[in-house]
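Heads up, the thing below is written out as structure tokens.
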Amino acid sequence: MHGFAVEDRRTLAAVADWIADRLAHPERLTAPYDAPARLPEVGGAGIGLEATWAALRDQVLPTAFPTDHPRYLAFVGGAPTPAAVLADAALSAASVYGGSELEAGAAVAAERAALRWLCDLAGYPDQAHGAFVSGGSIANLSALVAARHARSAHGTLPRTILAGAGVHASVDAAAAIMGCVVERAGAPDEPLRAADLKPVLDALDPRDVVAVVASAGATNTGAVDALAEIADLCAGYGLWLHVDAAYGGAALLVPAERAAFDGIERADSLTIDPHKWLFTPFDCAAVLYREPELARAAHRQRAPYLESAYDDGMDNPADYAVHLTRRARGLPLWASLVAHGADAYRRAVESCLATARYAAGRVAASAALELAAEPGLSVVLLRRRGWTRERYDAWSRAARADGFALVTPTTVDGAVALRLCFVNPHTTRADVDRVLAALEETG
Ligand SMILES: *Cc1c(COP(=O)(O)O)cnc(C)c1O
């Protein structure tokens, strides 16, 4: 079962060719997904590698709506670079255990370089560090667990997480896991201000606050909270500030957007997901700490059989989050940065922002469409005049079913709207025109 036969090498070469074609043509959906395919059975005797690859290629993979399709504009997509995909594939083959330097070797140094690049983007000091985890959800959980550990020096565990009303749902999930409650301040679709937090904070015992969570790029609207004044407030009360930049952090690359993020460098912890807008395959999210020792104290697992791998002189990614065994999932980001250079990253993020601005202008000029809010980062919210929730849902489902586009509705200011999120530099103005024309033409 573990041998690699001559025929298997041919299949491997076919997979490599398929990967090259696939990356060149993400829009080629060959199997619209309406009913679940009849997949090969899991049986006592296997069907072999070649037939299994054929099933994967023809029955499974083409039915996904790929996040790098140029008209995947729902949620937050992701368009990995070929260099990142190649590194990701090789990483699987190399069986790298990414938890400790003893096992992972230079993979740790490569991940550290990618973490450093993210820290530099945020303006974090030299000692800042962190780890790559599976997603923004685990990054937020890990940061909040570290915050609580750092703040429970006096023996009592704080229980309240204070967040903006537009904070991501993963913060509620983290609170539920931790046995904490989330207190919200401000309005869901507006950037959070210090003045929104102050009255909520004054009604609490600051010793009971785990952390204040601000968003740098709210998922629904792209709004960036007023980070500098929130950082001032947290400093005044001696509170841990966590900034969730899972989606928006990529915009730190763009000089014209940078001022909106001022204050991010003062966060105690920070989440940035390279698998969203930094062109890395799923899954890859970074949790970064201004004082990594505080995170290590909270997260390091101890056991007799771990002692030699986890001595204090080593940089062990397992120490900084809710995990032990882990994929060295920062390696694809590192490989892609090394291959393409940071300037190409900046240009790619700028092009997504430019496409979002084009879409907003096109909506504003349309008789049938209207903007539901001012665009935030690369999120454009719009409405089709006269449509009910059912019309949006039906249009969205039909567009997905025939492989045309993935665009889904949301709620803004209490009313339904369509949300377009641009994180793929291959999305063209022509793609925008096609999606908006389809909306205008549907009666
Ligand atoms: C996507 C997102 C998350 C969750 O990240 P996952 O990788 O899906 O777990 C958290 N916060 C924000 C702001 C996000 O956009």
Side-chain angles (χ1 to χ4, degrees), residues 67-68 72-80 84 88 118 122 130-145 147 161 163-178 182 184 186 188-192 211-225 227 230 241-252 257 260-261 264 267 269-288 321-323 326-327 329-330 332-333 349 352 356 375-381 406 408 410 412 419-424:
T67 59
D68 62 341
Y72 181 116
L73 301 173
F75 315 112
V76 185
D88 199 61
L118 293 171
F132 290 102
V133 296
S134 64
S137 301
I138 298 297
N140 286 342
L141 173 65
S142 298
L144 291 168
V145 167
I161 295 165
V167 78
H168 191 268
S170 58
V171 171
D172 294 293
I177 293 164
M178 295 167 69
V182 180
R184 286 184 148 67
D189 300 318
E190 298 294 329
L192 181 70
V212 171
V213 183
S215 305
T219 317
N220 202 37
T221 60
V224 179
D225 293 344
L227 302 177
I230 294 170
L241 172 60
H242 175 65
V243 173
D244 183 355
Y247 149 64
L252 287 164
E257 301 291 334
F261 290 84
I264 197 168
S269 55
L270 184 56
T271 293
I272 302 180
D273 283 11
H275 68 201
K276 284 184 167 162
W277 199 2
L278 292 172
F279 321 116
T280 306
F282 303 118
D283 47 21
C284 180
V287 57
L288 306 171
V322 186
H323 58 198
R326 62 181 288 281
R327 181 174 180 79
R329 51 170 67 82
L333 172 63
V349 172
C352 298
L377 297 180
S378 66
V379 175
V380 176
L381 295 156
L406 195 71
T408 53
T410 183
V412 191
R419 179 176 164 286
L420 310 178
C421 181
F422 296 92
V423 291
N424 182 351

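Order of listing sets the numbers, starting from 1, for every ligand and every atom in it. Keep in mind that what you see is a predicted model, and the values were worked out from it rather than measured.
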Step by step, work out the side chain to side chain contact (heavy atoms under 4.5 Å, CB included) result for Val349 and Trp277.
CA-CA 7 Å; Val349 172; Trp277 199 2; 3.6 Å; yes

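No donor-acceptor distance shorter than 3.5 angstrom exists from the side chain of Ser142 to the backbone of Ala321, with no hydrogens or angles considered. The backbone N or O of Gly135 lies less than 3.5 Å from no partner atom in the side chain of Asp273, so there is not a single donor-acceptor pair. A donor-acceptor contact shorter than 3.5 Å is absent between the side chain of Arg419 and the backbone of Thr408.
From the protein, the heavy atom lying nearest to atom 11 (N) of ligand 1 is Asp244 OD2, 2.6 Å. Taking atom 1 (C) of ligand 1 as the reference point, the nearest protein heavy-atom neighbour is Lys276 NZ, 1.3 Å. Closest to atom 4 (C) of ligand 1, if we only count protein heavy atoms, is His168 CE1, 3.3 Å.
In terms of polar-atom proximity, defined here as any N/O pair under 3.5 Å, Ser170 makes no such contact with ligand 1. Among the atoms of Gly136, some N or O lies under 3.5 angstrom from an N or O of ligand 1.
Of the candidates Leu73, Val76, Thr219, Val76 is the only one forming a side chain to side chain contact (heavy atoms under 4.5 Å, CB included) with Cys421.
Residue Tyr247 approaches ligand 1 through these ligand atoms, each under 4.0 Å from one of its heavy atoms: 15 (O). Residue-ligand proximity, Ser137 to ligand 1, at heavy-atom distances under 4.0 Å covers atoms 4 (C), 5 (O), 6 (P), 9 (O). Every atom of ligand 1 is numbered from 1 in the order shown, and the set under 4.0 Å from a heavy atom of His275 is 7 (O). Atoms of ligand 1 lying under 4.0 Å from any heavy atom of Thr219, numbered from 1 in the order shown and given with element: 12 (C), 13 (C), 14 (C), 15 (O).
Heavy atoms of Asp273 found under 4.0 angstrom from ligand 1 belong exclusively to the side chain. Of the heavy atoms in Asn140, only side-chain atoms (C-beta onward) come closer than 4.0 Å to ligand 1.
Side chains of Thr271 and Asn140: a donor on one and an acceptor on the other come within 3.5 Å.
Note: Leu118 CG to Leu270 CG = 8.5 Å, rounded to the nearest 0.5 Å.
Contact of the Arg184 side chain with the Asp172 side chain is registered, since non-hydrogen atoms from C-beta on lie closer than 4.5 Å.
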